[in-house]
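Heads up, the thing below is written out as structure tokens.
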Protein chains: 2
Amino acid sequence: MERPVLPLGAPRAERADAVRNRRHLLATAREMLAEQGGADRLTMDALAARAGLGKGTVFRRFGTRAGIFQALLEDDERAFQEQVMAGPPPLGPGAAPLDRLIAYGRARFAFMLGHREIARATLDGSQSVPAGSETPLSRTHIRMLLGQLRLGGADLDMLAVQLTAALDGPLLLYLSASDLTEAAAGIEERVARAWQDLVQRVCRP
Amino acid sequence: MERPVLPLGAPRAERADAVRNRRHLLATAREMLAEQGGADRLTMDALAARAGLGKGTVFRRFGTRAGIFQALLEDDERAFQEQVMAGPPPLGPGAAPLDRLIAYGRARFAFMLGHREIARATLDGSQSVPAGSETPLSRTHIRMLLGQLRLGGADLDMLAVQLTAALDGPLLLYLSASDLTEAAAGIEERVARAWQDLVQRVCRP
DNA sequence: AGCATAAACGGACTTTACCCCGCTTAGTAT
DNA sequence: ATACTAAGCGGGGTAAAGTCCGTTTATGCT
């Protein structure tokens, strides 16, 4: 007989048990994080044991310790992305590009602040390019909005990278620990204002 | 007799042998990096062995693996800082603030590009605040220049953090290895232009 | 249903960062 | 010079990340 077109692009879907185990591991990881707070107290051995699986399985699924946190973050990011792509304006579509950009910054920083511990744990010394670079939500969205703004002659791709850095992970890196813990409430508003000011400066005609 | 004012602020200078060992370890680390390239191939055991010192000494001096790379980077940063603080304009003093800001971005990115591997290795999953935050060269300098620019009503401290993130962040976190090796020459110029465009947009009246 | 095969699994093994603590030594005060 | 003390040193010990490979199992095909 004839073999059906062997999908070279789609290298065969994940097996059902693999999917189950991945989900189970992520759920277990969340439990452990909730119970004993502190991402650095989550060890791969403990995770495997608590999930009732072998350590080999954990690494097969996530590749590396940081991989687990990347998966967790990606998971939470889906809901956020939904709001951006299909939620009510000004975050969702329908508002003017500049207003969406401002709203995006506020929402994104709040998200990152809420996930700062997990986000930090996605970084990994041995990976040359860390998390979020694969699914560059912020960069892509910002790039899209910049495209609608008709800025004269700028390198929009690079500008998107710069603005992403000024908003997303890198900003978090440069805010000191005390900024983040002491005045968690205040910092959110302050960053939101600063972001608004930044993009208004960048985008004015 | 009377004890001399016991300096509580200056917790007693480092002992001579400690200084000697610190320098020796840094020099040895540089040798090893040069020989076998790849920061991740440098192990603490190997470093201690090659330096003829105990492993404990290495950790006592640098605290952590990332600490070694932070020390190496800081070391190289001194020369760079010299240029910024006392070198010829427009990087050094004497030029208009905006020109200095532009020149600083270009120079800083070139520096980071040359040190990207070490810089990357200063990041450490378990440290909440990474390299360069202790001696925030970029942030401080940018803040100072912004102060001279008389921008109306902006949150200059936060703007400095944002710009620092936009300058240093991409290299650390977003630009992939291929971006950097393929077009190493091109990327430098492109980033420099983008930086110039960004700060001109931000700082125009 | 039975078979072939690639994927997934488990857990012992290796490597490496980092800790601990008894011993040594530089610096200082007398 | 001598003695005192805090800092420094060494290297064996621990814990956790990541690898390997023999065994098990899901899945598609006949």
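Worth knowing before you read on, the calculation uses all heavy atoms, side chains too, and leaves out hydrogens, waters and symmetry mates. Residue numbers start from 1 in every chain, and the chains themselves are labelled A, B, ... in the order their sequence lines are given, proteins ahead of strands.
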If you measure from the Lys or Arg side-chain nitrogens to the Asp or Glu carboxylate oxygens, is any gap between [X] and [Y] under 4.0 Å?
X	Y	result
B/R78	B/E82	no
B/E14	B/R20	no
B/E35	B/R50	yes

Does A/R108 form a side-chain contact (heavy atoms from CB on, under 4.5 Å) with A/W195? I'd like the steps, not just the answer. CA-CA 11 Å; A/R108 177 67 181 175; A/W195 169 259; over 6 Å; no

Please figure out whether B/T43 or B/D17 has its closest DNA chain C nucleotide nearer the 5' end. B/T43

Specify the residue among B/E14 and A/G54 whose closest nucleotide of DNA chain C lies further upstream toward the 5′ end. A/G54

So, does [X] get its side chain near the phosphate of [N], meaning an N or O under 4.0 Å from OP1 or OP2?
X	N	answer
B/R61	D/dC9	yes
B/T64	C/dC18	yes
B/T57	D/dG10	yes
A/R60	C/dC9	no

Which nucleotide in the set D/dT19, C/dA8, C/dC18 lies at the smallest distance from any side-chain heavy atom of A/F59? D/dT19

Among the nucleotides C/dC18, D/dG8, D/dA17, whichever has the atom closest to the side chain of B/K55 is C/dC18

Base, sugar-phosphate alone, or nothing: which one does A/R65 contact when heavy atoms must sit under 4.0 Å apart? sugar-phosphate

